[in-house]
Every structure is written in C-alpha cells, then in structure tokens.
J.: 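The following block contains the structure, expressed as structure tokens.
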Amino acid sequence: MSTVLDVVGGVLLLTGAGFALVAALGVLRLPDLLSRMHAATKPQVIGLLLALTGTALCLRQPAVLGLLLLVAITQMATSVVASHMVARAAYRAGHLRRDLLVVDELEQEQTPDWREPRGAP
C-alpha cells in the first residue's frame, strides 16, 4: 500500500509541475493582460493543489498534512482575490486590448462621473 501511495504521489507531483509549466508558458505567450492573468491563476492554483496532494500522499504525517492544508486554503483565498483586484485595476487604467474582449460587462459600471462615456463626441 505504501508503494502505491508513493507512486500516486509522484504522479501528482509531476502533474502539478506540468500545470505550473503551462501557467508559466501562458504568461509568456498570451497576447493581453487579462489572458495572462487567467493563465497565471487558474493552472497555477490547480498545479499547486496537485503538488500539495502528491506531497501529502508521499509524506503521510499528520503535522505535514495540516501545514499543507493551510497552504492550500491560503493560496486559494489569496490568489482569487488578488487576481480579481489586479484585473479591475488594469481595466480601470485601460491596460487591456478591447479588440480581444467578447463581452464587456464592466464598461457601464466602470465609467467614472468625471470622464465622458466611451463613444461620446
């Protein structure tokens, strides 16, 4: 049973590393800020969770399991909030390519009172 858990843990570690590699390549290759932010958060968090699960299966110690769970919860909570706030700030500052947006639900919501709405003369 121990050997099976070690093999599954190793596979999960390699899969998590693969997801992290895909996230890094996405950050380098994608065309705009919002796409890069998606690549930086989604696969990276999944990769980390897979790596943490693989580590937990390989080590199997209660103290380590608690610490890995704490790391997973902290990463999931902070990554989502941080990426959302950075994306909102980038949208407000205009650091995105509007030609790549399919739907822009924030356009009316984000237009400040002191600035003309988009398309106004």
J.: Look only at the side chain of S83 and the backbone of V80, and say whether a donor-acceptor pair between them is shorter than 3.5 Å.
T.: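 Present.
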
J.: Mind checking whether L59 and L52 sit in one hydrophobic cluster, side chains of I, L, V, M, F, W, Y counted as touching below 4.5 Å?
T.: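 Yes, because L59 and L52 connect within a single hydrophobic cluster, where side-chain heavy atoms sit under 4.5 Å apart.
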
J.: For A23 and A39, which heavy atoms make the closest approach, and how far apart are they?
T.: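 Closest approach of A23 to A39, heavy atoms only: CB-O, 3.3 Å.
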
J.: Where is the tightest heavy-atom contact between V45 and S79, given as atom of each residue plus distance?
T.: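 Where V45 meets S79 most closely, the heavy atoms are CG2-OG, 3.5 Å.
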
J.: Going by atom types alone, do T3 and D6 pair a side-chain donor with an acceptor below 3.5 Å?
T.: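 Absent: no donor and acceptor within the cut-off.
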
J.: Any idea which heavy atoms bring G10 and C58 closest together, and the distance?
T.: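 Closest approach of G10 to C58, heavy atoms only: N-SG, 4.0 Å.
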
J.: If Ile, Leu, Val, Met, Phe, Trp and Tyr residues are connected whenever their side-chain heavy atoms lie under 4.5 Å apart, and connections chain through other members, are V8 and I46 in the same group?
T.: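 Cluster IDs for V8 and I46 match.
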
J.: Any donor and acceptor pair, going by atom type alone, linking the side chain of R88 with main-chain N or O of M85 inside 3.5 Å?
T.: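 Between the backbone of M85 and the side chain of R88 there is no qualifying donor-acceptor contact (under 3.5 Å).
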
J.: Is there a path of hydrophobic side-chain contacts, each under 4.5 Å between heavy atoms, that joins L14 and V4?
T.: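 Unlinked, L14 and V4 end up in two clusters.
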
J.: Minimum heavy-atom separation for A87 to M37, with atom names?
T.: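 For A87 versus M37, the nearest heavy atoms are N-CE, 3.8 Å.
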
J.: Check for me, please, whether V11 and L5 land in the same ILVMFWY cluster - side-chain distances under 4.5 Å, paths through other members count.
T.: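 No, no single cluster joins them.
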
J.: If you take all heavy atoms of S35 and D32, which pair is closest and at what distance?
T.: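 Smallest heavy-atom distance, with atoms named: OG-OD1, 2.6 Å.
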
J.: Taking the side chain as C-beta and beyond, is there a heavy-atom pair between M76 and L48 under 4.5 Å?
T.: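 They are not in side-chain contact.
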
J.: So, for L50 and G16, which heavy atoms are closest and what is the spacing to 0.1 Å?
T.: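 Looks like CB-CA, 3.8 Å.
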
J.: Would you check if S2 and R60 make a side-chain contact, meaning some heavy-atom pair closer than 4.5 Å?
T.: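 Of all side-chain heavy-atom pairs linking R60 with S2, at least one is under 4.5 Å.
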
J.: Short question: side chain of R36, backbone of L30 - any donor-acceptor pair under 3.5 Å?
T.: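 Between the backbone of L30 and the side chain of R36 there is a qualifying donor-acceptor contact (under 3.5 Å).
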
